[in-house]
Amino acid sequence: MVAGGDPGVAGSATAQEHWSSRFAFVMAAVGSAVGLGNLWRFPAEAGQNGGGAFVIFYIACVALIGLPLLLSETLIGRHGKSSAVESVRVVARESGGSTAWSALAVVGAIASFLIVSFYSVIAGWVLYYIGVFAGDLFASIGSGNLTGGAFAGQSAEQVQGLMPALFDNNAVMLPLHALFMGLTIYVVARGVTGGIEKVAVYLMPAFFILFLGITVYGAFSGDFAEALAFMFAFDPARLLHGPVMLSALGQAFFSLSLGSAIMITYGAYADRGVNLAKTSGMIAACDTSVAIIAGLCIFPIVFAAGLAVDSGPTLMFQTLPASFQTMPAGSLIGLLFFVMVFFAALTSSVSLLDAPTNWIRYKFGWTRARTAVLVGGLAFVIGIFSALSFNVMGEWYPLDFIAMFREQNFFGVVDGFTGKIMLPLSGLLTAIFIGWVADRRLTDAENGISGGLHLFWRFLVAWLCPIALTVILILGIFPELIG
Ligand code: PHE
């Protein structure tokens with residue numbers, strides 16, 4: 001069951017697994033990073049936060065905070081060669097620090113667990129739209145109208161009505177949530193070489209081909225100029241605004257899968273020969289390009305249809321399908337678009353489930369399969385409440401008494417708490433741990449950089465990350481501090 005374990009403990013439930021190649025590691029890590037965060041959340045957040053200012057702050061967060069932390073996390077994993085929590089303990093012990101630092105990975109693993117609970121609900125909507133566009137494609141083939149817009153003969157209101165109808169229909173939403181979670185559990189249960197890297201190695205290249213194809217299509221047949229202007233229009237008044245800054249930071253963490261124990265876990269499957277600095281740079285570059293290009297892929301189509309891009313979470317599921325109505329070969333491209341989103345979502349959800357699964361299986365010595373079923377099953381149950389937040393529980397605000405969560409339903413609270421508090425908090429602890437506690441000889445031997453770049457990395461991890469993360473966390477949680 002456990003593939004490629006250490007010879008000494010092979011056969012035991014917790015033998016440490018390994019990627020079968022560097023390519024597999026990179027694809028799996030990029031697969032974790034690139035997901036609904038890039039395709040659904042980033043364009044929605046950029047659209048709602050006024051475009052340019054958000055985008056610029058986002059890029060700064062990725063380069064100055066995200067990338068150094070990404071290297072720190074993969075480094076902890078590769079040195080510890082165990083679950084994320086155990087790996088932190090190993091590094092702490094060897095550095096003469098307290099093993100209580102492993103709390104940073106506990107926070108991360110719990111965040112992953114909570115995120116996968118609602119991630120699967122949203123991925124279920126993706127499955128629904130795959131079905132809708134597939135049905136429409138068959139209809140358009142039947143009527144010989146393959147090159148025309150999607151949903152021929154239906155009004156724009158009818159197409160926009162698909163999403164509210166889905167949100168009201170638990171009989172569709174919950175089975176799709178179950179289906180997606182089931183798929184995720186299956187892949188994680190099959191292990192690193194048998195499951196996680198298999199989906200990454202096949203689905204990520206397929207994702208990139210579809211993504212580039214659809215972007216080129218959008219650039220030629222949509223309103224590319226308006227999208228460019230919107231994404232990079234810079235309004236300095238919005239830049240130093242606590243909530244916008246916290247959103248950009250939260251988005252950077254979410255998108256890079258940081259602070260979630262995932263990159264520690266994935267780093268632990270990597271071999272000594274892999275250059276972690278290069279790999280981290282590649283992951284961050286791919287992830288950021290996909291987020292920005294996703295904006296340049298979705299906005300032109302939406303602008304061309306004359307619709308607004310500030311619709312937030314409904315952008316991909318309501319505005320975009322309606323936009324495909326007016327686009328050439330709309331049903332086919334719409335179908336390919338949602339298949340592509342599904343590929344990205346699955347490689348991310350697998351990483352989200354793997355981090356807590358790995359932690360629990362090391363802790364209790366259980367098999368991977370059993371742990372994945374238990375952890376994924378529990379996440380499924382919690383996810384039901386997120387799904388119900390879109391209908392019957394929509395107006396139940398569990399933490400209404402906290403300013404940050406005012407008028408946020410269950411889904412809003414879990415999303416906000418994980419993205420804006422747990423991930424940055426785990427990142428903050430990681431920065432302090434690597435910057436101040438971990439033995440320098442140990443980190444220097446692992447990180448794969450030297451000279452000025454190395455000093456710069458140390459400066460970012462030890463100084464900039466802790467200070468910036470603390471300030472942004474405080475401003476985000478207490479926006480009244482700067483009015
Ligand atoms: N990074 C993934 C995305 O952008 C999802 C994710 C979030 C994974 C948080 C891990 C942690 O969709």
Side-chain angles (χ1 to χ4, degrees), residues 2-6 14-35 37-38 62 66-84 86-88 90-91 105 108-109 112 184 187-188 190-208 255-290 343-344 346-355 357-359 362 368 430 443 445-449:
V2 178
D6 286 341
T14 53
Q16 178 64 22
E17 298 162 271
H18 293 276
W19 304 115
S20 57
S21 65
R22 180 183 314 199
F23 179 70
F25 172 40
V26 173
M27 283 301 115
V30 170
S32 168
V34 171
N38 309 60
V62 169
L67 182 53
L69 283 178
L70 191 55
L71 177 54
S72 308
E73 290 198 9
T74 48
L75 177 162
I76 294 174
R78 211 227 342 236
H79 191 82
K81 284 254 163 273
S82 185
S83 74
E86 270 308 313
S87 295
V88 179
V90 169
V91 175
S112 280
T184 305
V187 176
V188 172
R190 301 213 34 160
V192 172
T193 39
I196 300 175
E197 74 171 47
K198 282 251 157 54
V199 292
V201 162
Y202 289 107
L203 297 190
M204 284 321 285
F207 165 84
F208 278 108
S255 193
L256 289 172
S257 307
L258 283 176
S260 58
I262 288 174
M263 292 300 173
I264 306 181
T265 309
Y266 274 19
Y269 304 142
D271 288 324
R272 295 267 170 242
V274 176
N275 182 321
L276 293 180
K278 262 197 206 141
T279 312
S280 304
M282 204 143 111
I283 298 168
C286 274
D287 186 64
T288 309
S289 327
V290 173
F343 288 172
L346 187 64
T347 51
S348 297
S349 67
V350 159
S351 72
L352 282 163
L353 182 59
D354 186 52
T357 296
N358 222 23
W359 168 41
Y362 268 89
R368 182 176 256 286
T430 306
T443 56
E446 291 282 354
N447 67 12
I449 40 177

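Of all the heavy atoms in Cys286 and Val30, the pair that sits closest is CB-CG1, 4.1 Å. The heavy-atom pair separating Trp359 from Ala109 by the smallest distance is CE3-CB, 3.8 Å. The nearest pair of heavy atoms linking Ser87 to Gly77 is OG-O, 4.0 Å. Nearest heavy atom pair, residue Ser72 against residue Thr430, reads CB-CG2, 4.1 Å. Closest non-hydrogen pair, Ala284 versus Val62, comes out as CB-CG1, 4.3 Å.
Under the side chain to side chain donor-acceptor pair (under 3.5 Å) criterion, Ser82 pairs with no residue at all, not counting sequence neighbours. Partners of Asp271 under the side chain to side chain donor-acceptor pair (under 3.5 Å) rule, at least two apart in sequence or in another chain, are His18. Legend: residues meeting side chain to side chain donor-acceptor pair (under 3.5 Å) with Thr184, ordered by chain and number and at least two apart, are Ser349. For Thr279, the side-chain contact (heavy atoms from CB on, under 4.5 Å) partners at least two apart in sequence or on another chain are Phe25, Val26, Val274, Ile283. By the salt bridge (charged side-chain N to carboxylate O under 4.0 Å, His left out) test, Glu197 pairs with no residue at all, sequence neighbours left out. Scored by the side-chain contact (heavy atoms from CB on, under 4.5 Å) test, Ser21 finds Phe23, Ala24 as partners (sequence neighbours excluded).
With Arg78 contributing its side chain and Tyr269 its backbone, the two residues share no donor-acceptor pair below 3.5 Å. In terms of modelled atom types and a separation under 3.5 Å, the side chain of Ser351 and the main chain of Ser348 share a donor-acceptor contact.
Atom OG of Ser112 sits about 11.0 Å away from atom CG of Asn358, to the nearest 0.5 Å. Here the CD1-OG1 distance, from Ile76 to Thr443, works out to 10.0 Å after rounding to the nearest 0.5 Å. A distance of 11.5 Å separates CG in Asp287 from CG in Leu67, rounded to the nearest 0.5 Å.
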If you look only at distance, which donor and acceptor atoms sit under 3.5 Å apart when one is on a side chain in residues 258-268 and the other is two or more places apart or in another chain?
residue: Ser260; atom: OG; partner: Ser257; partner atom: O; Å: 2.8
residue: Thr265; atom: OG1; partner: Ala261; partner atom: O; Å: 2.5

Pair up each side-chain donor or acceptor in residues 198-207 with any protein partner under 3.5 Å, not counting sequence neighbours, and list the distances.
none

Review point. Can you check side-chain contact (heavy atoms from CB on, under 4.5 Å) on Gln16 and Tyr362, steps first, answer last?
Key: CA-CA 10 Å; Gln16 178 64 22; Tyr362 268 89; 2.4 Å; yes

Exercise for review: Could you please spell out the steps behind the salt bridge (Lys or Arg N to Asp or Glu O under 4.0 Å) verdict for Glu17 and Arg368?
Suggested key: CA-CA 11 Å; Glu17 298 162 271; Arg368 182 176 256 286; 2.8 Å; yes

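Under 4.0 Å is where a charged nitrogen must lie from a carboxylate oxygen, and between Glu446 and Arg272 at least one such pair does.
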